[in-house]
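Let me begin by presenting the structure, written as structure tokens, before commenting on it.
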Amino acid sequence: MSIVTRFPPSPTGMMHIGNARTALFNYLYARAKDGKFLVRIEDTDRARHSEEAVQVILDGLEWLGLEYDNTPESQYANKQRHIDVAYELLAAGKAYKCYCSPEELEEMREKSKTTGLPAYDRRWRDRPESDAPAGIDPVIRIKAPLEGFTIVDDKVQGEVKVENKQLDDMIILRSDGTPTYMLAVVVDDHDMGVTHVIRGDDHLNNTFRQNMIYDAAGWEKPTYAHLPLIHGPDGAKFSKRHGAVGLNEFQAMGYLPEALCNYLMRLGWAHGDEEIISIQRALEIFDFDGMNKAAARFDYAKLESLNAHYIKEADNERLIDLVSPFLQENHDIIISKTGLDRLQAGMDGLKDRSKTLVQLAEESVFYLVDEITYDEKALKNLNLDSSSLLKEMLNDFKNLDEVHHDSVEAACRALADRRAEGKLGKVMMPLRSALTGTDKSPSLFEVVEILGKGETCTRIQAAIDFIEKAS
RNA sequence: GUCCCGUUCGUCUAGGGGUCUAGGACACCGCCCUUUCACGGCGGCAACACGGGUUCAAAUCCCGUACGGGACGCCA
């Protein structure tokens, strides 16, 4: 039997990080087992539905690199089929009409708090149709088993058992004639040939309810795998108050999709001591055996460390492309031809030091601006003392035939010997500030080489002018 | 309240009766490297929730307790 998994997001306007993880595991399992990974949009809530919201989801999947094997299906489009199934179950005596009013139900809910049983007391389950009050549109409820117990053999949670008397005669068709989620999911999953339902364990209890529908319809039930949820750093359900929850927010913070995938995979799942796991690798080793049952807390520090790793590994051209939007947005920089040349030359030195693309962009700025602005730290290095040092350095650089790593180093060391008792740092820090506008940067020998003699000298001169003007 | 699930270093986890004086990763601390910040290298701190069983032997199996989470909609 070939495996079919599915990802059924409701279009809420964002792709929650937890949903992204669910999608990832569905994708992994399907692909690892040579099966299919399908997408279905749960858009039955028409009030909330919008095309943009659907697109956000699909963009998210694309960004993560999770290719699906179908044209994303609309649950709403299958509405009539759901209704038909509800009536088939009704005709087969597996379901019945219930004429309770919302008020009656509310009353029952109150009462049930003491009994520990489902709220609805099944009062219409065996009542003849002739008792139906006039003018009330009934709902259709499924007949839950009354005795015994049901066991679900979950791939992650193991055997989960519940007493059937805990199961309620849930509504499958609303009084307005629309199908409920429980019905729609089951019908769609069945129709789409879904063999494995992999989802968050907040759905574990739903499994028993959904299985009632499978049984009533006489359909084969899928295999279930309920994944532990992601919690915030404080152990509570991961939500907005923990900061970012949307995939696009993580993207905006400068995380690479492969880093996020790696992180999300390892959250609740492990394969021995392996930490760095690409999707490719995961496809070779993924299985539910390595899955944990307990919820895991989200840890930005670890995500960042993974991100730093993947930035180091990333192709330079790709990084430049990724960094451009941040540069434009945060600094109004559009990369020029010379800027591009410098970035290409300097990226190796830059990318080893950044944990996020945002940081990478920030650290790239000095290669791209026409005029350096000095931050507070830089200002400390730009004073009367250093100005005379910079003047001498400027002169030395001008006399160099060629500025490359070695010649620059030789010149700097010589200057340090002459003027700073051999302390290289004394001459490098003013230079660093002059060239980069701050006190942190990649190796200056490299920076000078990349900027070139002309630009280097221009910047040193600008720093000298700046100091004189300031004093 | 009822039902379901869970509990190994701060965090993610390895572990599936003896090899555990419990391993790895991130974070943290120290040292080294060094023109800065990083990177890198080396080292350190740090955990089996608690109580009972079962067993020659339990982090591993069973039962309780505590704590945490999830679900209890004519939402999805």
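Letters A, B, ... mirror the listed sequences (proteins, then strands); counts begin at 1. Keep in mind that the numbers below use all heavy atoms, side chains included, and drop hydrogens, waters and symmetry copies.
In this structure, B:A38 forms no base pair with any nucleotide, since neither Watson-Crick nor G-U wobble geometry is met with both distances under 3.5 Å. Summarising the base pairing, B:G6 is matched to B:C67 through a Watson-Crick or G-U wobble pair whose two defining distances lie under 3.5 Å. Both distances falling under 3.5 Å, in either a Watson-Crick or a G-U wobble arrangement, place B:A25 opposite B:U11. Here B:C72 sits opposite B:G1 as a Watson-Crick or G-U wobble pair (both hydrogen-bonding atom distances under 3.5 Å).
Candidate nucleotides B:U2, B:U35, B:U36 were compared by shortest atom distance to the side chain of A:Gln166, and B:U2 ranks first. Nearest nucleotide to the A:Leu444 side chain, out of B:A71, B:C39, B:U35: B:U35. Of the candidate nucleotides B:A76, B:G73, B:A38, B:A38 has the atom lying nearest to any side-chain atom of A:Arg353. Closest to the side chain of A:Val160, out of B:C37, B:A76, B:C5, is B:C5. Looking at the side chain of A:Lys293, the nearest of the listed nucleotides B:C5, B:C74, B:U35 is B:C5. With B:A38, B:A27, B:G73 as the candidates, the nucleotide lying closest to the side chain of A:Lys355 is B:A27.
A:Tyr181 and A:Asn206 are not linked by any side-chain donor-acceptor pair at a separation below 3.5 angstrom, with hydrogens and angles left out of the test. Using modelled atom types, one finds no donor on one side chain facing an acceptor on the other under 3.5 Å when comparing A:Glu258 with A:Asn262. Side-chain N/O atoms of A:His82 and A:Gln75 include no donor and acceptor closer than 3.5 Å. A:Asn381 and A:Ser386 form no side-chain donor-acceptor contact under 3.5 Å, judged by distance and modelled atom types alone. Using modelled atom types and a 3.5 Å distance limit, the side chains of A:Glu129 and A:Tyr99 yield a donor-acceptor pair. Between the side chains of A:Gln280 and A:Ser278, no donor N or O sits under 3.5 Å from an acceptor N or O.
Atom C1' of B:C63 sits at a distance of 15 Å from the matching atom of B:A58, rounded to the whole Å.
Residue contacts shown for A:Leu229 are limited to sugar-phosphate atoms, with no base heavy atom under 4.0 Å away. Contact annotation for A:Ser305: backbone-only contact, meaning every heavy-atom pair under 4.0 Å involves sugar-phosphate atoms and none involves a base. Contact annotation for A:Asp202: backbone-only contact, meaning every heavy-atom pair under 4.0 Å involves sugar-phosphate atoms and none involves a base. A:Pro9 comes within contact range of no nucleotide atom at all, as no heavy-atom separation falls under 4.0 Å. Residue A:Lys423 is out of contact with every strand shown, counting any heavy-atom pair closer than 4.0 Å. Counting non-hydrogen atoms under 4.0 angstrom, A:Val139 reaches a base of the nucleic acid. Within the 4.0 angstrom heavy-atom criterion, no nucleotide atom of any strand lies near A:Lys377. A:His226 comes within contact range of no nucleotide atom at all, as no heavy-atom separation falls under 4.0 Å. Counting non-hydrogen atoms under 4.0 angstrom, A:Ser443 reaches a base of the nucleic acid. As judged by a 4.0 angstrom heavy-atom cut-off over every strand, A:Leu204 is placed among residues touching the sugar-phosphate backbone only. Heavy atoms of A:Cys100 sit under 4.0 angstrom from at least one base atom. Residue contacts for A:Lys237: at a heavy-atom cut-off of 4.0 Å it reaches the sugar-phosphate backbone alone, with no base atom in range.
Ion pair A:Arg342/A:Glu449 not flagged as a salt bridge, since none of the NZ, NE, NH1 or NH2 atoms sits closer than 4.0 Å to an Asp/Glu carboxylate oxygen. Of the charged side-chain nitrogens involved, none lies within less than 4.0 Å of a carboxylate oxygen, so that A:Asp439 and A:Arg432 do not count as a salt-bridged pair. Of the charged side-chain nitrogens involved, at least one lies within less than 4.0 Å of a carboxylate oxygen, so that A:Arg209 and A:Asp168 count as a salt-bridged pair.
At whole-Å resolution of the value, CG in A:Asp169 and P in B:C72 are 17 Å apart. We find that CD1 of A:Ile171 is positioned 12 Å from C1' of B:C75, with the value rounded to whole Å. Rounded to whole Å, the distance from OH on A:Tyr181 to C1' on B:C75 is 10 Å. Here the P atom of nucleotide B:A76 and the CZ atom of A:Arg199 are 14 Å apart, to the nearest Å. Following rounding to the nearest Å, A:Leu415 (CG) and B:U35 (P) show an atom-to-atom distance of 15 Å. Regarding A:Asn205, its CG atom lies at a distance of 16 Å from the P atom of B:G69, rounded to whole Å. What separates CD of A:Glu103 from C1' of B:C74 is a distance of 12 Å, to the nearest Å. Rounded to an integer number of Å, the gap from CG of A:Leu183 to P of B:G73 is 17 Å.
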- [ ] Begin from the C-alpha positions of A:Trp269 and A:Met291 and carry the test side chain to side chain contact (heavy atoms under 4.5 Å, CB included) through to its verdict.
- [x] CA-CA 4 Å; A:Trp269 175 74; A:Met291 210 79 214; 4.0 Å; yes
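Remark on RNA chain B: of its neighbouring residues A:Ala119 and A:Val162, the 5'-side contact belongs to A:Val162, judged by nearest-heavy-atom nucleotide. The residue among A:Ser441 and A:Glu159 whose nearest nucleotide of RNA chain B is located toward the 5' end is A:Glu159.
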Where do N or O atoms of nucleotides 11-16 of chain B meet protein N or O atoms at under 3.5 Å, pair by pair?
from  : atom 1 : to       : atom 2 : distance (Å)
B:C12 : OP1    : A:Arg297 : N      : 3.0
B:C12 : O2'    : A:Arg266 : O      : 3.0
B:C12 : O2     : A:Lys302 : NZ     : 3.3
B:U13 : OP1    : A:Gly268 : N      : 2.4
B:U13 : O3'    : A:Asn292 : OD1    : 3.4
B:A14 : OP2    : A:Asn292 : OD1    : 3.4

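Between A:Arg432 and B:C37, a side-chain N or O to OP1/OP2 separation shorter than 4.0 Å is absent.
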